[in-house]
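A short write-up of the structure that comes next.
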Amino acid sequence: MTKPTAWPRLNLAAGPVQVMEQTLRDAARPILYHYDPAFIELFAGTSGLLQQVFRTQYDVVIMQGEAILGLEAAAAGLLSPGDKVLNLVSGVFGKWFEDFIKRYGGETIELAVPYNDAIDPEDVRQALHANPGVKFLSVVHSETPSGTHNPVKEIGAVAREFGVITMVDTVSGLGGELLSPEEWGLDIAIAGPQKCLGGTPGLSLMSISPAAWDALEARKPEPLRASFLSILDWKSAWLEGKRFPYTPSVSEIYSLESVLEQTLAVGMEQFVNRHQIIAKACRAGVKALGLELWPVREEIAAACVTAVRVPDGIDDAKLRETMRHRYGVMISPGYGELHGKLFRLGHMGPAQAHPTVLAAQLAVLERALADQGYPVQLGAGVGAAMSMLGGWDDGVTGS
Ligand SMILES: *Cc1c(COP(=O)(O)O)cnc(C)c1O
């Protein structure tokens with residue numbers, strides 16, 4: 001029998017991420033029957049907390065599957081055969097969405113940039129001018145595989161000018177930036193608990209605008225109902241009747257309630273702020289080691305992960321293997337076509353986005369680089385990162 005692989009000391013991957021002990025304790029509560037009044041109350045309360053975290057008055061829907069379910073449900077529910085969709089592509093997830101557009105009969109118009117860049121809202125305006133009749137726009141807010149983010153606020157404003165309904169993958173964006181679905185023009189926004197909220201994987205968190213509900217009802221040849229992919233089933237069952245279309249994942253709801261409560265206890269502004277501060281400190285650490293950030297400009301770097309170009313002479317797989325097996329730190333490689341070109345340092349969720357963990361991550365990165373003979377002064381990255389964190393205070397909360 002082969003020896004089982006030792007578990008890591010730190011899970012600093014690009015999601016699912018390390019979770020707080022409080023979350024694990026809350027997730028371990030006894031399983032309630034989903035029609036127990038205590039569960040109905042808990043589900044309703046959790047939906048209310050989710051609205052606060054999304055910072056929206058729109059309806060929220062919690063679909064019972066990993067965030068890909070929410071992304072597919074948006075395409076499946078909105079698209080009628082032949083509908084034109086402007087798909088913005090700045091990375092692997094943006095490109096992937098085209099498969100859903102195709103699968104549900106849409107016609108894709110693509111606006112793409114290299115996978116280390118971000119979409120320019122002016123280009124979106126030009127594309128919508130050049131392509132009259134576009135009904136929908138799809139965009140990824142935070143491209144986790146590239147460690148970049150798109151200016152979704154400005155893109156949403158342009159879409160609204162043209163009366164275009166938006167589908168926004170903010171799976172790793174929620175919690176990393178202050179959203180405002182109403183102001184930004186986000187019609188269906190899809191997030192996941194296992195990224196910046198630091199929760200467990202298994203749910204799709206969605207905010208749905210009134211225009212999106214109308215568009216879901218207007219789908220041809222008929223609205224999508226009686227399906228695991230149906231967002232409308234959640235409207236008629238839960239939002240209108242406090243019933244469930246099927247049994248929800250009870251423990252996942254416990255865990256979601258827990259992370260939403262923890263997030264709101266810190267306060268949305270402070271929670272987002274912490275992600276942005278840690279991301280900036282991480283970038284400073286990376287640069288101090290003479291490494292190159294993957295995004296072309298630092299302004300477009302994401303708050304959730306820092307993507308680092310694999311330096312010449314370094315074996316990416318060996319570097320990550322050393323970090324994982326010798327020093328117990330799990331980080332993520334490049335994903336899809338970015339594999340081998342970059343690696344990603346994780347700082348999403350309250351368990352990752354913290355000075356203690358960032359220090360350990362950079363220290364172990366330095367150690368593993370030195371093990372490969374890369375010229376690195378041990379402590380240089382950690383020092384540069386820590387020099388930026390003097391204002392940090394675990395005790396400070398904000399609105
Ligand atoms: C994590 C993530 C998803 C969900 O996909 P996974 O199967 O969990 O990897 C979708 N979009 C983005 C931008 C993500 O970061």
Extract all donor-acceptor atom pairs below 3.5 Å that involve side chains of residues 149-158 and protein atoms in other chains or at least two apart in sequence.
{"from": "His149", "atom 1": "NE2", "to": "Glu299", "atom 2": "O", "distance (Å)": "3.4"}
{"from": "Asn150", "atom 1": "OD1", "to": "Ile119", "atom 2": "N", "distance (Å)": "2.8"}
{"from": "Asn150", "atom 1": "ND2", "to": "Ser90", "atom 2": "OG", "distance (Å)": "2.9"}
{"from": "Asn150", "atom 1": "ND2", "to": "Val140", "atom 2": "O", "distance (Å)": "2.9"}

Give the table of side-chain donor-acceptor pairs shorter than 3.5 Å for residues 68-88, with sequence neighbours excluded, one pair per line with atom names and distance.
{"from": "Glu72", "atom 1": "OE2", "to": "Tyr104", "atom 2": "OH", "distance (Å)": "2.3"}
{"from": "Ser80", "atom 1": "OG", "to": "Lys220", "atom 2": "N", "distance (Å)": "2.7"}
{"from": "Asp83", "atom 1": "OD1", "to": "Lys135", "atom 2": "NZ", "distance (Å)": "3.0"}
{"from": "Asp83", "atom 1": "OD2", "to": "Ser80", "atom 2": "N", "distance (Å)": "2.8"}
{"from": "Asp83", "atom 1": "OD2", "to": "Lys135", "atom 2": "NZ", "distance (Å)": "3.4"}
{"from": "Lys84", "atom 1": "NZ", "to": "Pro132", "atom 2": "O", "distance (Å)": "3.2"}
{"from": "Asn87", "atom 1": "OD1", "to": "Ser138", "atom 2": "OG", "distance (Å)": "2.7"}
{"from": "Asn87", "atom 1": "ND2", "to": "Gly94", "atom 2": "O", "distance (Å)": "3.0"}

Determine all donor-acceptor pairs shorter than 3.5 Å in which one atom belongs to a side chain in residues 277-286; sequence neighbours excluded.
{"from": "Arg283", "atom 1": "NE", "to": "Glu298", "atom 2": "OE2", "distance (Å)": "2.8"}

Using a 3.5 Å cut-off and no angle test, enumerate the donor-acceptor pairs between side-chain atoms of residues 350-362 and protein atoms at least two apart in sequence or in another chain.
{"from": "Gln352", "atom 1": "OE1", "to": "His347", "atom 2": "N", "distance (Å)": "3.0"}
{"from": "Gln352", "atom 1": "OE1", "to": "Met348", "atom 2": "N", "distance (Å)": "2.7"}
{"from": "Gln352", "atom 1": "NE2", "to": "Asn11", "atom 2": "O", "distance (Å)": "3.1"}
{"from": "Gln352", "atom 1": "NE2", "to": "Ala13", "atom 2": "O", "distance (Å)": "3.0"}
{"from": "His354", "atom 1": "ND1", "to": "Thr356", "atom 2": "N", "distance (Å)": "3.2"}
{"from": "His354", "atom 1": "ND1", "to": "Thr356", "atom 2": "OG1", "distance (Å)": "2.8"}
{"from": "His354", "atom 1": "NE2", "to": "Asp394", "atom 2": "OD1", "distance (Å)": "3.0"}
{"from": "His354", "atom 1": "NE2", "to": "Asp394", "atom 2": "OD2", "distance (Å)": "3.1"}
{"from": "Gln361", "atom 1": "OE1", "to": "Gly346", "atom 2": "N", "distance (Å)": "3.1"}
{"from": "Gln361", "atom 1": "NE2", "to": "Gly346", "atom 2": "O", "distance (Å)": "3.0"}

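If you take CG on Asn131 and CD1 on Ile109, they are separated by 4.0 Å, rounding to the nearest 0.5 Å. Note that the CG atom of Leu289 and the CG atom of Leu378 stand 9.5 Å from one another [nearest 0.5 Å]. Atom-to-atom distance recorded for Leu174:CG and Leu50:CG is 7.5 Å, nearest 0.5 angstrom. Here the CD1-CD1 distance, from Ile188 to Ile208, works out to 4.5 Å after rounding to the nearest 0.5 Å.
Between Trp234 and Phe244, the ring planes are perpendicular. Angles over 60° get that label, and only those under 30° would be called parallel. The aromatic rings of Tyr35 and Tyr33 lie perpendicular to each other, with more than 60° between the two planes, well past the 30° mark. Relative ring orientation between Phe100 and Trp96 is described as parallel, the plane-to-plane angle staying below 30° on a 0-90° scale split at 30° and 60°.
In Arg9, the CZ atom is not crowded: 12 or fewer heavy atoms of neighbouring residues, nucleotides or ligands sit closer than 6.0 Å. For Glu21, the CD atom counts as loosely surrounded, since its 6.0 Å shell holds 12 or fewer non-hydrogen atoms of other residues, nucleotides or ligands. Other residues, nucleotides and ligands contribute over 12 non-hydrogen atoms within 6.0 Å of the CD atom of Gln22.
The backbone N or O of Glu66 sits less than 3.5 Å from a side-chain atom of Ser204, completing a donor-acceptor pair. The backbone N or O of Gln57 lies less than 3.5 Å from a partner atom in the side chain of Glu182, making a donor-acceptor pair. Of the possible polar contacts, one joining the Thr56 side chain to the Tyr58 backbone as a donor-acceptor pair under 3.5 Å is found. Ser332 places a side-chain N or O within donor-acceptor distance of the main-chain N or O of Ala14, the cut-off being under 3.5 Å.
In terms of the salt bridge (charged side-chain N to carboxylate O under 4.0 Å, His left out) criterion, Glu366 has no residue partners (sequence neighbours excluded). The side-chain contact (heavy atoms from CB on, under 4.5 Å) test applied to Glu337 returns Tyr115, not counting sequence neighbours.
Salt bridge status for Lys95 with Glu143: absent, with no side-chain N to carboxylate O gap under 4.0 Å. Salt bridge Arg103/Asp99: absent, no basic N to carboxylate O contact under 4.0 Å.
Between the side chains of Tyr374 and Asp312, not a single donor N or O lies within less than 3.5 Å of an accepting N or O. Under 3.5 Å, the side chains of Thr200 and Glu252 contain a donor-acceptor pair of N or O atoms. Side chains of Ser255 and Thr23: a donor-acceptor N/O pair is absent below 3.5 angstrom, by distance only. For the residue pair Gln51 and Ser47, no side-chain donor N or O sits within less than 3.5 Å of a side-chain acceptor on the partner.
Under the 4.5 Å side-chain heavy-atom criterion for grouping Ile, Leu, Val, Met, Phe, Trp and Tyr, Val305 is not connected to Leu293 through any hydrophobic cluster.
Under the 6.0 Å distance and 45° angle rule, Lys235 counts as a cation-pi partner of Trp213. Judged by the 6.0 Å distance and 45° axis criteria, Lys242 is positioned over the aromatic ring of Trp238.
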Verdict with reasoning, Glu321 to Lys318, per salt bridge (Lys or Arg N to Asp or Glu O under 4.0 Å): CA-CA 5 Å; Glu321 204 180 283; Lys318 209 166 134 201; over 6 Å; no
Trace of the side chain to side chain contact (heavy atoms under 4.5 Å, CB included) decision for Leu10 with Met330: CA-CA 6 Å; Leu10 291 173; Met330 182 74 207; over 6 Å; no
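You'll find the ring centres of His339 and Tyr335 outside the 6.0 Å limit. For Phe162 and His129, the distance between ring centers is under 6.0 angstrom.
Considering only heavy atoms from C-beta on, Trp184 stays 4.5 Å or farther from Arg160 through its side chain.
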